[in-house]
Amino acid sequence: MGAEIQTFPPEHLKERFDRIVARYPKRLAALIPLLMMLQREYQHITPEHMEGLATYLGTTPAHVLGVVTFYTMFSHRKRGKHHLYVCKTLSCHLRGAPGVIRAFEEKLGVKAGSGEATPDGEFSVDTAECLGLCEQAPCVLVDGQRFGNITPEMVDQIVKELSR
Amino acid sequence: MSIRETRILLSDIEHPESPTLDFYLSGGGYKALEKALKEMTPKQVVDEVTKAKVRGRGGAGFEAGRKWQFLPKNNTKPVYLTCNADESEPGTFKDRHIMERRPHLLIEGCLITCYAIGAKTGYIYVRGEFPQAQASLSSAVEEARAKNLLGPDILGTGVSIDIWVHTGAGAYICGEETGMLSSIEGGRGHPKLKPPFPAVEGLFRCPTVVNNVETLSNVPFVIREGADAFLKLGTADTPGTRIFCVSGHVEKPGVFEYECGVNLKDVIAAAGGVWKGRKLKAVIPGGASAHVLLPHEIDVACDFGSLAKAGTIMGSCGVVVIDDTTCMVETLQNVLEFFAHESCGQCTPCREGTGWARKIVTRIEAGKGTMADIDRLYEVADNFEGMGGKTICALSDAAAWPTKSYVKKFRQEFEEHVRLGRCPMKGA
Ligand SMILES: Cc1cc2nc3c(=O)[nH]c(=O)nc-3n(C[C@H](O)[C@H](O)[C@H](O)COP(=O)(O)O)c2cc1C
Ligand code: FES
């Protein structure tokens, strides 16, 4: 069990959690925004998070589990500190996404979409469906930051920039 | 013909200060809100928007004013506005530009709409992959709140409206309106059977209006300048402008705002035309769901009616341009991977059908398909096209339209894959 979450919500997130819950007439409506915060903070959603959230929002752990598995931005397995979403959809595909995905896989030694992170825990790679950034195809979203018009040759530089 | 942009939604987006409240106010921002709250009744606002015939920019083109009128009379429950900012239709990125560069325009549109429909709360559902748009909207909400343009007793009028930015977490189906409502309620993004329509029973089982970002962003113009000014733009079928998202094999991909009725061929030319001096092979005019058009079919006016007559849809206005070096079987494979992945799995024809279609097209692309597979692909798609009420939502239609049109219009290319036992575009 993660030592950081003896209490739920975690101390340092409590105030933000309460503020978000207050926006809705039903507490459960805060579920996805809160899961997004946990995912960002811990790079994965643990069973303790799910149980904690269920109690905090008045639902069952099973419901939370069902939601976690539905959305692509949540994961049970710990993702890399930098999780790359490489777009694979139409406009990006037309402008060379397959080569870009391969280049990231080769550079980092992990398979896209496998859920596996680099041994140092720094990186993981996912393919994503259209990121709504098609004018900059092919593109990547990582740490809330965007990189567009990527060529396989730029992959080294992007990884270097993220490692800084 | 070379064409000029008419920017009422994207005006000044290049200006570095464009997202700020001060900049927005200096261009007459929030004047429409003040006018609506101080000089108009909610009904007058609804009537004005109805008169302007603002058609839904999310894809289906339903008139916003008419939709608002579906709210039950003598209702005692709270009413909600939910703004659809899920923008996940492949090839679409217009809403993102509004939210990042002109967040106050959308917020003003939401506030006026809330007033019109009697909602005290509005939620903007922004897809999880848009952190910049979320941040831009959230700070704009706080700026507006600090200036008493949002929150309790707006501008001393006694009207109180709150707007909150709500995040999605990665799921195309949450762009379908009832899927979005399920998601805001804290569930899986499962669409629900209609009726009841959201206007009658939506968010938290209360009457709810769902509108797209671009739709709501037109409301300030309609209120400030009047419906007649809006009706002067565009065509009788689709008044106003639309933001065209041009991507794929063009020289200058990007967003371009034109009056509706602009010719599709000119839109592509204005985006620099086909890249690398290559020839045009196909155009998808309204997002990946749209029926594909051949080069000789793109001399067409872009409004809902004309594109429907041309056998496709205006949809989300995501224009994807495809050059002559592209394999259409591979392209369809890519599109079907998307739909098979995004099916929520509730309805058998969609869940199984999109998966089957993906498998068949993958087989053909790999050179392992048979001639019978080509017919099978078409038939499978014909079968999961849900218009006959086979499915809860229209995702399966969105998958069927490209499938059937690619097979029909590029049949020879599919057959060539079978004959050669490989993809002809990929060398021997
Ligand atoms: C599978 C599917 C996906 C959709 N995705 C979106 C979307 O991302 N954004 C959007 O505004 N509308 C989307 N829609 C349309 C919405 O259901 C709804 O019609 C729209 O938000 C209504 O707003 P409007 O009338 O202002 O266009 C989608 C519909 C379907 C069937
Ligand atoms: S297809 Fe990659 S961002 Fe749209």
Side-chain angles (χ1 to χ4, degrees), chain A residues 19-20 22-37 39-40 45 53 57-59 63-75 85 87-95 97-98 126-137 139 141 143-146 148-149, chain B residues 78 87-96 121 123 127-133 135 162 164 166-174 183-190 203-204 206 245-249 252-255 275 284 288 318 320-323 326 330-331 334-335 337-338 341-342 344:
Chain A
R19 235 185 3 232
I20 289 176
R23 296 175 182 175
Y24 307 95
K26 299 230 161 84
R27 295 180 69 84
L28 187 54
L31 180 56
I32 289 163
L34 300 189
L35 282 168
M36 284 290 274
M37 281 170 69
Q39 175 76 42
R40 208 170 309 136
I45 306 290
L53 270 179
L57 297 178
T59 183
H63 177 83
V64 180
L65 176 65
V67 169
V68 168
T69 53
F70 188 82
Y71 296 92
T72 55
M73 296 184 83
F74 303 137
S75 69
Y85 291 102
C87 180
K88 65 178 273 282
T89 316
L90 190 56
S91 307
C92 288
H93 186 85
L94 290 170
R95 292 179 80 109
D126 227 335
T127 53
E129 298 295 356
C130 179
L131 294 169
L133 205 67
C134 327
E135 82 274 33
Q136 297 171 42
C139 59
L141 178 74
D143 304 342
Q145 209 186 332
R146 308 184 282 226
N149 300 313
Chain B
E87 187 155 78
S88 320
E89 175 72 24
T92 313
F93 42 95
K94 62 194 177 65
D95 298 341
R96 193 190 95 232
T121 314
Y123 297 103
R127 63 180 296 193
E129 296 90 342
F130 278 177
Q132 288 88 350
D162 259 315
W164 301 109
H166 185 100
T167 181
Y172 169 67
I173 197 58
C174 292
S183 182
I184 301 178
E185 288 170 352
R188 295 162 77 91
H190 283 171
L203 191 63
F204 309 122
C206 295
C245 321
V246 189
S247 71
H249 296 152
K252 287 190 304 176
V255 283
W275 74 346
I284 297 161
V320 185
V321 176
I322 297 174
D323 76 21
T326 312
E330 181 187 331
T331 305
N334 183 271
V335 168
E337 277 170 11
F338 173 81
H341 179 258
E342 299 299 333
C344 85

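Because only heavy atoms are used, hydrogens play no part in the values below, and waters and symmetry mates are left out as well, while side chains stay in. The chains referred to below are lettered A, B, ... by the order of the sequence lines, with proteins before strands, and numbering in each begins at 1.
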Under 4.5 Å, counting heavy-atom pairs only, tell me which of [options] racks up the most with chain B.
options: A:Cys92, A:Ala30, A:Ala29, A:Gly66; result: A:Ala29
options: A:Gln145, A:Met73, A:Gln136; result: A:Met73
options: A:Tyr85, A:Tyr71, A:Tyr24; result: A:Tyr71
options: A:Leu94, A:Leu141, A:Leu133; result: A:Leu94
options: A:Lys88, A:Arg27, A:His63, A:Arg95; result: A:Arg95
options: A:Leu31, A:Leu90, A:Thr69; result: A:Leu90

For the candidates [options], which exhibits the highest count of non-hydrogen atom pairs separated by less than 4.5 Å from chain A?
options: B:Tyr172, B:Trp275, B:Tyr123; value: B:Tyr123
options: B:Leu203, B:Val321, B:Val320, B:Ile322; value: B:Val320
options: B:Gly170, B:Pro253, B:Ser247; value: B:Gly170
options: B:Cys245, B:Gly254, B:Gly187, B:Cys174; value: B:Gly187
options: B:Thr167, B:Val335, B:Asn334; value: B:Asn334
options: B:Pro78, B:Pro131, B:Ser88; value: B:Pro131

Classify the side-chain pair B:Thr326/B:Asp323 by whether it contains a donor and acceptor separated by less than 3.5 Å.
yes
Ignoring hydrogens and angles, state whether a donor on the side chain of A:Glu129 or A:Thr89 is under 3.5 Å from an acceptor on the partner side chain.
yes
Would you say the side-chain atoms of A:Glu135 pair up with the backbone N or O of B:Val255, donor to acceptor, closer than 3.5 Å?
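Not a single qualifying donor-acceptor pair exists.
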Stepwise, does the side-chain contact (heavy atoms from CB on, under 4.5 Å) test hold for A:Arg146 with A:Leu131?
CA-CA 10 Å; A:Arg146 308 184 282 226; A:Leu131 294 169; over 6 Å; no
Can you tell if the side chain of A:Ile32 reaches within under 4.5 Å of the side chain of B:Ser183, non-hydrogen atoms only?
yes
Quick one: does NZ or CZ of B:Arg127 land under 6.0 Å from the six-membered ring centre of B:Phe130, within 45 degrees of the ring axis?
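Relative to the ring axis of B:Phe130, which defines the angle, B:Arg127 lies inside both limits.
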Could you tell me which portion of B:Ile173 (side chain, backbone, both or neither) has an atom closer than 4.5 angstrom to a non-hydrogen atom of chain A?
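Contact with chain A involves the side chain of B:Ile173 alone.
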By a 4.5 Å heavy-atom criterion (distance strictly below it), what part of B:Glu185 contacts chain A: side chain, backbone, both, or neither?
backbone
Taking all non-hydrogen atoms of both residues, which atom of B:Gly91 and which atom of A:Cys130 are closest, and how far apart?
N-SG, 3.7 Å
Which is it for B:Arg96 and B:Gln132 under the side-chain contact (heavy atoms from CB on, under 4.5 Å) test, yes or no, and what are the steps along the way?
CA-CA 9 Å; B:Arg96 193 190 95 232; B:Gln132 288 88 350; over 6 Å; no
Looking at CG of A:Leu34 and CD1 of A:Ile45, how far apart are the two atoms once the value is rounded to the nearest 0.5 Å?
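Rounded to the nearest 0.5 Å, the CG-CD1 separation comes out at 10.0 Å.
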